[in-house]
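Quick notes on the structure that follows.
Just so it is clear: chains get the letters A, B, ... in the order the sequence lines come, proteins before strands, and each one is counted from 1. Here the structure is a predicted model, which is why all the values come from computation and not from measurement.
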Amino acid sequence: MFATRALRQAAQHAERTPSIKFVGKRTIPSSVDHTPQPHPASPTHTLPASFTSASSSHNTFSSYRDHAQQFGPLRKTIKADGSGVGGASGSQLGPVAPPKGVYFDRNELPARFHRAPISLDEIEALESGGAAAFA
Amino acid sequence: MLSQRLIGRTTVRSAFKPSGLPTIAPSMSRWRRTYATEAEEKDLVIIGGGVAGYVAAIKAGQEGMKVTCIEKRGTLGGTCLNVGCIPSKSLLNNSHLYHQVLHDTKHRGIEVGDVKLNLEQLMKAKDLSVSGLTKGVEFLLKKNGVEYIKGTGTFKDEHTISVQLNDGGETSVVGKNILIATGSEATPFPGLEIDEKRVVTSTGAIALKEVPKKMLVIGGGIIGLEMASVWQRLGSDVTVVEYLDLIGGPGMDAEIAKASQKILKKQGISFKTNTKVLSGDTTGDQIKLEVEAAKGGKAETLEADVVLVAIGRRPYTGGLGLENVGVDVDERGRVVIDSEYRTKVPHIRCVGDVTFGPMLAHKAEEEAVAVVEYIKKGYGHVNYGCIPSVMYTFPEVAWVGQSEQELKKAGIKYRVGTFPFSANSRAKTNLDTDGMVKMLADPETDRLLGVHIIGPNAGEMIAEGTLALEYGASSEDIARTCHAHPTLAEAFKEAAMATHGKAIHF
């Protein structure tokens with residue numbers, strides 16, 4: 001009645017175990033290390049130093065601002081979920097100070113931090129020791 | 001005070017909104033009258049609509065992301081669909097048919113009358129395949145809610161891409177993530193100006209107006225040999241000049257490369273291996289190439305109507321403005337990325353020909369899916385040790401994994417098993433018996449290390465080898481798997497049997 005089963009059982013010792021093993025349902029690891037690693041096809045198998053340096057190494061103020069911006073017209077949010085103001089702590093944003101050997105230019109700052117332009121009248125007033133202002 | 005000011009500005013802004021205008025569909029959003037601050041931020045902005053770019057766009061659309069894809073060619077699909085893999089396959093297939101009807105019918109019992117070549121129609125058939133596929137891709141983008149902008153994208157800052165629209169005008173797109181997928185271009189040969197008419201790259205070689213009497217191909221790699229095959233079949237006298245002693249380019253097994261060269265030579269293609277091109281002269285009716293032996297020797301002048309420059313491809317980043325965001329490129333112009341396809345600026349990622357790895361459409365496709373998975377799920381997968389390569393000459397050459405010379409160089413022990421198509425029943429009935437299947441396996445574990453095929457339909461058969469290699473199969477696993485009879489695939493099984501033990505039919 002169960003001839004096939006009986007035959008299979010009898011021949012079990014002779015059956016070959018496949019080298020390929022079924023490992024079960026695929027799962028995504030709960031924690032993945034996202035630290036930059038060299039690309040497997042990279043010819044040098046190394047990453048430039050710029051990849052591994054801390055996130056605070058912004059070499060322009062605008063690049064720091066792009067990372068630090070939490071709200072506003074540019075809408076460059078760091079958090080994809082848009083958690084808004086206070087979405088990231090100050091320490092997460094990294095220091096505002098430039099890395100060693102890099103200097104921020106005042107002109108890269110928002111316009112309100114720029115030097116106020118000097119008008120011709122003001123120049124004249126300075127040169128005349130203030131007299132031009134009353135002329 | 002601050003909140004008062006903010007409220008005030010919002011009120012003023014809303015007061016100027018054109019409330020009376022009809023609502024425009026989201027797909028038309030590019031033409032909507034907007035304010036600068038209202039530019040919608042996309043989840044992913046992709047620069048390049050080639051295989052890497054459009055696949056990433058579709059995948060991201062499927063994952064529910066808001067996606068924009070920027071492409072300057074005017075049609076999607078990049079080099080592969082427009083001027084690469086697809087049109088060349090059309091020409092290879094139809095030129096093979098023409099050649100077969102002309103030379104390979106009598107002994108099969110088919111008497112054919114007058115056979116004429118209609119090159120214009122051959123090219124039209126090619127263009128039809130291309131346009132059908134590119135339109136299909138455009139439909140797929142639409143179906144998956146991807147915004148498609150025809151224009152040239154340039155980095156304005158780390159999140160903003162300004163786009164010079166093909167139809168004139170400029171727009172900009174803001175993205176949380178940006179993907180560089182700008183592909184590659186043919187490497188020019190120093191001293192030879194490409195005009196795509198007489199001195200051509202692969203782009204010009206698939207669109208020649210007439211069959212050249214004499215054709216010279218600089219570079220005996222896959223592209224050079226495929227194009228050499230097309231024009232030789234259509235009646236050209238073709239000579240391939242290769243600097244190395246073997247044709248086929250990197251990765252092709254030396255034994256297979258030698259076999260391929262022998263068969264192609266028999267078909268009528270001339271080869272000058274170990275030969276370097278010194279200079280070219282395009283001033284006369286005929287183009288003259290000065291060549292000499294690679295290791296030095298007597299110089300020789302070769303003449304031709306058309307010269308195909310097929311010495312390789314280089315990453316294409318022109319006009320991208322990478323310097324504006326400080327993204328690194330290496331000495332060969334490839335964008336430097338990490339294992340998750342991130343550039344130095346983590347939300348700017350890069351895949352395809354423009355970065356590391358072989359310049360293959362299917363590799364770009366794998367990366368495109370993986371990069372979207374990294375963005376969306378933080379987890380992706382591409383096995384760089386298991387990417388197949390195919391040369392679509394006749395017979396085809398295909399391989400996956402390591403070659404014998406690579407294993408020797410790395411000091412890895414291996415066992416070889418081969419099976420010729422001359423012993424395969426289906427190849428015999430087809431009267432196409434040139435070629436063989438070669439398998440390399442670990443002598444201790446029997447794990448498959450590489451598969452190399454030269455023979456009819458090798459490009460299809462390599463899929464089985466790729467699957468086996470990806471699963472870490474042993475040659476015994478393949479040998480014990482039932483294959484239908486009579487098929488060419490039986491040669492694959494028999495090669496596995498030869499690797500593991502002994503082939504039955506040889």
Quiz item: With only heavy atoms counted, which part of A:T35 is less than 4.5 Å from chain B, the side chain, the backbone, both or neither?
Solution: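 Backbone of A:T35 only, per the 4.5 Å heavy-atom cut-off to chain B.
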Quiz item: Do the side-chain N and O atoms of B:D328 and A:S50 include a donor-acceptor pair separated by under 3.5 angstrom?
Solution: yes
Quiz prompt | Polar side chain donor-acceptor pair, A:Q37 to B:S339, under 3.5 angstrom | solution = no
Self-check item: salt bridge (Lys or Arg N to Asp or Glu O under 4.0 Å) against B:E340, all qualifying residues, sequence neighbours excluded
Solution: B:R342
Quiz item: Is there any salt bridge (Lys or Arg N to Asp or Glu O under 4.0 Å) pair reaching into residues 348-365 of chain B, and which pairs are they, with sequence neighbours excluded?
Solution: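 For residues 348-365 of chain B, and leaving out neighbouring residues, the salt bridge (Lys or Arg N to Asp or Glu O under 4.0 Å) pairs sorted by first residue read B:K363-B:E367.
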Quiz item: With only heavy atoms counted, which part of B:R334 is less than 4.5 Å from chain A, the side chain, the backbone, both or neither?
Solution: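 The side chain, not the backbone.
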Quiz item: With respect to chain A, which residue among B:G357, B:G378, B:G175, B:G326 yields the maximal number of heavy-atom pairs within a distance under 4.5 Å?
Solution: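 Between B:G357, B:G378, B:G175, B:G326, the count favours B:G378.
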